Protein chains: 2
Amino acid sequence: MRVTIRDVANAAGVSAATVSRVLNRPDLVDSETLDRVRSVMEMMEYHPNAIARGLSVRRSETIGLIVPGITDLFFNELYKGIDQESQRHGLKVLLYDSEHSRERALEGFSFLGGYQVAGIIFTSKLVTEDYDPILQRLDIPVALTLTQRTSKTPLPAFRVDDVRATFELVAYLVSRGHRQIGMIAGKQSDDSTGQLRLRGYEQGLQHFGIPFDPRLVEYGQYRFDDGYAAMQRLLDKQPDITLTAVCAAADEMALGAIRCLNDHGLRVPEDMSVVGFDDLPIARMVTPRLTTVAQPFADIGAEAVRWLVEAIADNTTSAEVGDYFLPHRIVERESVRTIM
Amino acid sequence: MRVTIRDVANAAGVSAATVSRVLNRPDLVDSETLDRVRSVMEMMEYHPNAIARGLSVRRSETIGLIVPGITDLFFNELYKGIDQESQRHGLKVLLYDSEHSRERALEGFSFLGGYQVAGIIFTSKLVTEDYDPILQRLDIPVALTLTQRTSKTPLPAFRVDDVRATFELVAYLVSRGHRQIGMIAGKQSDDSTGQLRLRGYEQGLQHFGIPFDPRLVEYGQYRFDDGYAAMQRLLDKQPDITLTAVCAAADEMALGAIRCLNDHGLRVPEDMSVVGFDDLPIARMVTPRLTTVAQPFADIGAEAVRWLVEAIADNTTSAEVGDYFLPHRIVERESVRTIM
DNA sequence: ATCCGAAATGTAAGCGTTGACATTTCCATT
DNA sequence: AATGGAAATGTCAACGCTTACATTTCGGAT
């Protein structure tokens with residue numbers, strides 16, 4: 001049987017309330033008592049029961065995190081940012097993997113609710129209107145990361161400006177002499193991010209007077225194999241179309257595209273330039289090092305936590321709601337060739 | 001205010017105990033009552049409070065997971081395996097990142113203890129004797145993954161046979177005509193896995209009558225940059241030593257080594273063969289695809305959970321303790337050249 | 001010495017569940 | 001109709017902690 005607050009109290013010759021106070025409001029207890037109780041705690045190896053505390057104060061010092069998939073390569077950085085910032089505020093994070101399923105994501109909310117989380121960070125490709133009922137009923141703050149809000153419920157969204165970033169990526173390519181630029185975009189139907197990046201691509205072309213050709217864009221679900229397959233389809237359209245560069249909506253897809261090109265005996269960047277999106281840790285590990293736009297995943301996570309902490313403190317379920325754009329950055333490496 | 005079990009009870013005209021029973025022992029309640037209570041729950045959107053339940057039954061349906069670092073590339077797979085198997089048993093996993101620090105790892109135990117976890121999966125480079133006091137005092141089962149037990153406390157360890165696997169890797173290299181094989185090993189001092197793999201390397205050489213030359217081995221801490229630096233040191237020793245292949249103790253270090261080689265204008269596998277260890281998802285994404293030994297991370301995690309579940313049920317803190325070797329597998333890809 | 005307010009500590013109820021035990025209901029026997 | 005026992009339900013304390021409120025202690029001002 002673990003040692004409880006009462007055991008400590010008895011051993012120290014005080015009441016449980018006093019022990020509780022040395023834990024939570026040490027300023028309220030006599031310095032002598034404080035020392036005594038503390039040393040007793042030490043001696044007895046007392047560790048407060050977070051569950052009991054949670055029940056008593058009616059909320060745990062915990063925030064929930066719902067992610068679409070643990071194995072998504074961006075997950076690690078995002079989690080790191082969230083975890084570290086949470087710790088700074090004495091919060092614990094409870095993880096929930098929605099496995100890219102809408103139903104599981106929805107379940108996630110009530111699951112986390114059962115754990116009395118003080119707030120929830122939600123990451124997903126998409127937040128649609130079917131979330132509204134749940135969201136509305138939730139009496140704890142929710143922050144979105146890496147997603148655009150599309151539901152009616154006002155929710156803050158922490159992300160980069162995907163349109164702008166992709167626009168700049170195209171501009172970068174153009175500045176290197178490219179005019180025939182393909183796109184491997186995110187699956188449109190179920191994903192707002194994919195749409196935003198595609199729009200950025202279109203705007204980029206338009207801005208430089210390059211006509212948009214739908215044949216130059218293929219779609220995928222952000223994974224390596226999707227990138228590979230999309231590149232393959234692009235290649236199959238030759239010689240109908242010709243490309244000097246491909247812009248992928250995610251690093252993983254960019255790697256897939258590169259692999260596909262390599263398998264066809266094409267070299268990057270000599271024969272084809274490829275850019276990605278995300279700047280995953282692996283982007284700098286591969287050959288050629290991938291030119292891409294960096295998303296500050298850790299900052300995005302940390303920022304979301306900060307917002308949550310504030311919202312929790314204010315007891316508003318919606319502090320300053322809106323889109324919070326975090327700065328992206330084009331990381332120039334080796335996967336783009338300059339055309340004269 | 002969330003709806004509680006008593007609210008449901010009132011609304012359904014039964015006692016809280018009955019509601020509790022429909023939740024936990026539906027067989028004990030009249031089918032009519034069952035339906036009624038259930039529909040009331042539905043209607044009121046009742047979600048049981050896991051915290052209160054945990055306090056009442058004196059343990060949460062939760063297991064703790066302590067990992068050395070979230071950003072370690074193998075983490076995702078391991079977590080996935082653990083999470084999925086846990087779910088199957090109605091368990092939730094609570095994550096704790098020790099950030100590669102011994103102190104934090106130790107803290108992890110009491111932290112998780114505070115959450116009344118029913119068991120703990122511990123992953124780390126090293127479990128030394130200083131863990132013993134804590135481990136011994138813990139009244140919940142603990143399973144190790146990816147680590148060898150070095151502490152006195154008997155703990156089950158789920159991992160691959162590192163010695164054997166590295167041995168086979170060397171054998172593979174030899175079968176491809178290599179005799180001058182370098183090694184990028186794990187930092188010896190603080191890491192048993194590193195030692196095991198080095199031993200496998202030595203045994204491999206010995207088995208094939210190749211003299212062991214300490215100048216051919218360099219050390220790193222498993223990260224990309226360590227691999228890069230170690231490869232650099234190896235290269236610097238030329239022409240004192242000559243190498244046709246390098247065996248890295250981790251995929252990430254193998255990638256670092258490859259980058260280093262590339263930066264020196266050397267091609268893999270034409271100029272140098274490289275093998276890794278882990279078979280991370282990225283191993284198949286890079287060019288050349290990395291030949292490596294696959295660790296079944298997900299299975300390792302799942303297996304550990306299964307053991308834990310059993311130990312929890314048996315209420316032994318140590319069911320069948322010992323080393324559980326999971327099958328590894330050499331994955332032959334493109335980073336090794338056959339020498340005639 | 002006396003009194004007062006502040007400081008320190010104690011008391012006890014309550015957080016939402018569960019589970020041992022007690023009570024009631026119901027049905028099959030007789 | 002009476003009875004026994006199983007089935008269904010209810011009562012209440014307990015889980016470990018916090019917190020509002022009550023009580024005691026203390027030090028200074030009178």
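Order of the sequence lines sets the chain letters (A, B, ...), proteins ahead of strands, with each chain counted from 1. Since this is a predicted model, take the numbers as computed values, not measurements.
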S.K.: Within this structure, what is the CD-to-C1' distance between A/Gln116 and D/dG16, rounded to whole angstrom?
M.R.: 14 Å
S.K.: What is the distance, rounded to the nearest whole Å, between atom CG of A/Asp27 and atom P of C/dA6?
M.R.: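 Atom-to-atom, A/Asp27 to C/dA6, this comes out as 17 Å.
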S.K.: To check you understand the geometry: which heavy-atom pair defines the closest contact between A/Gly69 and A/Phe75, and what is its length?
M.R.: O-CB, 4.1 Å
S.K.: So, B/Phe297 versus B/Tyr79, ring centres under 6.0 angstrom or not?
M.R.: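 No; B/Tyr79 has its ring centre 6.0 Å or more from that of B/Phe297.
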S.K.: Taking the side chain as C-beta and beyond, is there a heavy-atom pair between B/Val305 and B/Arg88 under 4.5 Å?
M.R.: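 Of all side-chain heavy-atom pairs linking B/Arg88 with B/Val305, none is under 4.5 Å.
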S.K.: To the closest 0.5 Å, what do you measure between NZ (A/Lys92) and CD (A/Gln87)?
M.R.: 7.5 Å
S.K.: Rounding to a whole Å, what distance do you find between A/Tyr115:OH and C/dG16:P?
M.R.: 17 Å
S.K.: Nearest-Å distance, CG (A/Leu34) to P (C/dA7)?
M.R.: 16 Å
S.K.: Below the 4.0 Å mark, does D/dT9 have OP1 or OP2 next to a side-chain nitrogen or oxygen of B/Thr18?
M.R.: no
S.K.: What is the distance, to the nearest angstrom, from the CG atom on A/Asp35 to the P atom on C/dA8?
M.R.: 13 Å
S.K.: Once you round it to whole Å, what is the distance between P of C/dG10 and CG of A/Leu28?
M.R.: 13 Å
S.K.: Tell me: CG of A/Leu55 to C1' of C/dG14, nearest whole Å?
M.R.: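 It works out to 9 Å between those atoms.
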S.K.: Tell me which nucleotide among D/dC17, C/dG10, C/dC15 gets nearest to the side chain of A/Pro48.
M.R.: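 The closest nucleotide is D/dC17.
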S.K.: Give me the ring orientation class for B/Phe122 and B/Phe109: parallel if the planes are under 30° apart, tilted from 30 to 60°, perpendicular past 60°.
M.R.: parallel
S.K.: Among B/Ile120, B/Leu65, B/Leu112, B/Ile63, which residue satisfies the side chain to side chain contact (heavy atoms under 4.5 Å, CB included) criterion with B/Leu94?
M.R.: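 Result for side chain to side chain contact (heavy atoms under 4.5 Å, CB included) with B/Leu94: B/Leu112.
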S.K.: Between B/Phe158 and B/Phe325 (judged by ring centroids, cut-off 6.0 Å), do the two rings come close enough to count as a pair?
M.R.: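 No, ring centres 6.0 Å or more apart.
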S.K.: Roughly, in whole Å, what's the span from CD in A/Glu32 to C1' in C/dT9?
M.R.: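 It is 14 Å, rounded to the nearest whole Å.
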S.K.: It should be established whether B/Thr33 places a side-chain nitrogen or oxygen under 4.0 Å from OP1 or OP2 of nucleotide D/dT9.
M.R.: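 Looking at the OP1 and OP2 atoms of D/dT9, one of them is under 4.0 Å from a side-chain N or O of B/Thr33.
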S.K.: Mind checking if B/Gly13 touches a base, just sugar-phosphate, or nothing, with heavy atoms under 4.0 Å?
M.R.: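 The residue B/Gly13 makes sugar-phosphate contact but no base contact.
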S.K.: Report all interatomic pairs (protein N or O, nucleotide N or O of nucleotides 18-20 of chain C) with separations under 3.5 Å.
M.R.:
residue	atom	partner	partner atom	Å
C/dT18	OP1	B/Asn24	ND2	2.9
C/dT18	OP1	B/Arg53	NE	2.9
C/dT18	OP2	B/Ser20	OG	2.5
C/dT18	OP2	B/Asn24	ND2	3.4
C/dT18	O4'	B/Ser56	OG	2.7

